[in-house]
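Atom set for the values below is all heavy atoms of this structure, side chains included, hydrogens, waters and symmetry mates excluded. Below, read A as the first sequence line, B as the second, and so on, with proteins coming before strands; counting in each chain starts at 1.
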Amino acid sequence: MDYGKERVVALVDMDCFYVQVEQRLNPELKNKPCVVAQYKTWKGGGIIAVSYEARAHGVGRNMWVDDAKTLCPDLQVARVRESHGKADLTHYRDASVEVIHVMSRFAVIERASIDEAYMDLTSAVQQRLKTMAGGQIDPKLLKTTYIQGYPRSSTELETSEHRSRGLQEWLTSLPHNSSGDKISPDLQLTVGALIVEEMRAAVEKDTSFRCSAGISHNKVLAKLACGLNKPNRQTVLPLDSVPELFSSLPISKIRNLGGKLGASITEALGVENMGDLTQFSKAVLEQHFGDKTG
DNA sequence: AGGACCCATAAC
DNA sequence: GTTATGGGT
């Protein structure tokens, strides 16, 4: 009876947020390999955010600036403000509030961190569906949307052409929204994606900040989906595409399973990926890992 | 020489 | 209830 498909949930994640905040403040940093670092004294300071241009050179978080400069000699470095000898993130918190205010025009927001927010779009989707005649959706309204698992046939590498073909195939396979019928979960996700496209456009217009998003039926899947196409893109993860995605997905990629719990699962059950893990019953998982965790 | 901070859950 | 621990940004 469609258990697990009742809600439409999105996770929005700002792309290299601290970098974007510094780039808005100093436009010369835009479109350049750029990092935000704190504490200058030790090896040039620790990197806490990395632009995608810098990532292409192999620069990552938790690197020292001195090490990153050998990978990327023309790296631009913005510094976190310091007050009383400590890193002061007030600046980024204020920017976060700006973003939350824009997003709150579209749905109730659950702030998950300084640069991430979850939202339950279920009721917003229902409302939108009422105002939509026929239920046909123009792919031009989903310019930055990927449908995970589509197109179903091709295995070619990821291209923008590949994206739009997958979207086309998805949209044409959607059932029509005739009144009286139960609305399909897939259509609900698609309308959710429509709303998130609008929300992300508003965030960029009003704050200049870009972000990525995942749209699915729960928080874990939305978070997973968000990471599939970054930056500045959004991904719909339909439940039917989950088994294939899970079949080769390391357990550590799932939120909250990146640490000791994930390692204990691998050890206790002898499984490496999520596809294998889903073969175990809830009773078995509870027996191993306790009531709540199981 | 990762630290500061936030959140959820477990343990007491 | 408070504290401790783990996971994450």
Side-chain angles (χ1 to χ4, degrees), chain A residues 9-23 34-52 54-55 59-70 77-100 103 108-120 203 207 209-214 218-228 230-231 249-268 274 277 282 285-294:
Chain A
V9 175
L11 180 273
V12 177
D13 184 293
M14 309 307 295
D15 301 326
C16 52
F17 186 46
Y18 294 0
V19 169
Q20 287 200 82
V21 172
E22 296 296 340
Q23 285 172 330
C34 175
V35 297
V36 175
Q38 59 187 2
Y39 303 125
K40 188 153 201 229
T41 47
W42 187 264
K43 298 187 175 182
I47 293 172
I48 59 174
V50 187
S51 78
Y52 282 79
R55 292 182 202 196
V59 176
R61 262 174 105 187
N62 298 334
M63 270 181 192
W64 303 114
V65 168
D66 290 350
D67 297 333
K69 284 240 171 149
T70 70
V77 181
R79 301 280 168 185
V80 176
R81 289 239 172 76
E82 263 183 61
S83 66
H84 319 128
K86 285 198 197 169
D88 177 15
L89 304 181
T90 305
H91 204 182
Y92 311 115
R93 292 186 214 287
D94 292 347
S96 176
V97 169
E98 280 184 55
V99 172
I100 294 292
M103 294 196 304
V108 175
I109 302 303
E110 179 194 341
R111 191 172 177 273
S113 75
I114 197 166
D115 77 330
E116 282 187 336
Y118 290 94
M119 56 208 70
D120 190 327
V203 167
T207 71
F209 300 135
R210 291 179 171 180
C211 56
S212 301
N218 60 58
K219 284 163 71 168
V220 169
L221 292 181
K223 169 72 175 169
L224 177 62
C226 180
L228 296 175
K230 283 187 172 189
L249 189 75
I251 288 170
S252 62
K253 298 288 185 190
I254 296 290
R255 175 152 223 235
N256 294 332
L257 302 185
K260 295 186 179 183
L261 178 56
S264 72
I265 291 170
T266 297
E267 186 181 2
M274 287 301 295
L277 182 56
K282 187 173 175 186
L285 297 179
E286 285 173 350
Q287 176 187 337
H288 278 272
F289 307 109
D291 243 26
K292 191 91 180 177
T293 306

Quiz item: Which part of the nucleic acid, if any, lies within contact of A:Asn62, taking any heavy atom under 4.0 Å across all strands shown: a base, the sugar-phosphate backbone alone, or nothing?
Solution: base
Practice problem: Mind calculating the distance between CD1 (A:Ile254) and P (C:dG7) to the nearest angstrom? | Solution: 15 Å
Quiz item: Below 4.0 angstrom from OP1 or OP2 of C:dT9, is there any side-chain N or O of A:Lys223?
Solution: yes
Quiz item: Taking atom types as modelled, is there a side-chain donor on A:Asp15 or A:Ser212 under 3.5 Å from an acceptor on the other?
Solution: yes
Quiz prompt | Spacing of A:Arg111 atom CZ relative to B:dC5 atom P, expressed in whole Å | solution = 14 Å
Quiz item: Among B:dG2, C:dT9, C:dG7, which is the nearest nucleotide to the side chain of A:Ile48?
Solution: B:dG2
Quiz item: A:Leu257 CG to B:dT9 P: how many Å, rounded?
Solution: 13 Å
Quiz item: Separation of A:Trp64 atom CH2 from B:dG3 atom P, in whole Å?
Solution: 9 Å
Practice problem: Please test A:Lys223 against A:Glu116 for side chain to side chain contact (heavy atoms under 4.5 Å, CB included), starting from the C-alpha separation and ending with a verdict. | Solution: CA-CA 10 Å; A:Lys223 169 72 175 169; A:Glu116 282 187 336; 2.3 Å; yes
Self-check item: Nearest-nucleotide pick for A:Arg93, side chain only, options being B:dC5, C:dT9, B:dG3
Solution: B:dC5
Quiz item: What is the distance, rounded to the nearest whole Å, between atom CZ of A:Phe289 and atom P of B:dA10?
Solution: 13 Å
Exercise. Find the distance between OG1 (A:Thr266) and CD1 (A:Ile251) and round it off to the nearest 0.5 Å.
Key: 4.0 Å
Self-check item: Integer angstrom distance from the P of B:dA1 to that of C:dG8
Solution: 24 Å
Quiz prompt | Spacing between A:His84 atom NE2 and B:dA4 atom C1', to the nearest angstrom | solution = 16 Å
Quiz item: With sugar-phosphate meaning primed atoms plus P, OP1 and OP2, does A:Leu89 contact a base, only sugar-phosphate, or nothing at under 4.0 Å between heavy atoms?
Solution: nothing
Practice problem: Looking only at side-chain atoms of A:Asn256, point me to the closest of C:dG8, B:dC5, C:dT9. | Solution: C:dG8
Practice problem: Among the candidates C:dT9, B:dG3, C:dG7, find the nucleotide nearest to the side-chain atoms of A:Leu261. | Solution: C:dG7
Quiz item: NA contact type, A:Gly46, heavy-atom cut-off 4.0 Å: base, sugar-phosphate, or nothing?
Solution: nothing
Quiz prompt | Selected nucleotide, minimal atom distance to A:Arg61 side chain, candidates B:dA1, C:dT9, B:dC5 | solution = C:dT9
Exercise. Report the distance from atom CD of A:Glu110 to atom C1' of B:dA8, rounded to the nearest whole Å.
Key: 11 Å
Quiz item: Rounded to the nearest Å, what distance is computed from the CD atom of residue A:Glu116 to the C1' atom of nucleotide C:dG7?
Solution: 13 Å
Quiz item: With a 3.5 Å cut-off and no angle check, do the side chains of A:Tyr92 and A:Gln20 form a donor-acceptor pair?
Solution: no
Quiz item: How about A:Lys219 and A:Arg255: do any of their side-chain heavy atoms sit closer than 4.5 Å?
Solution: no
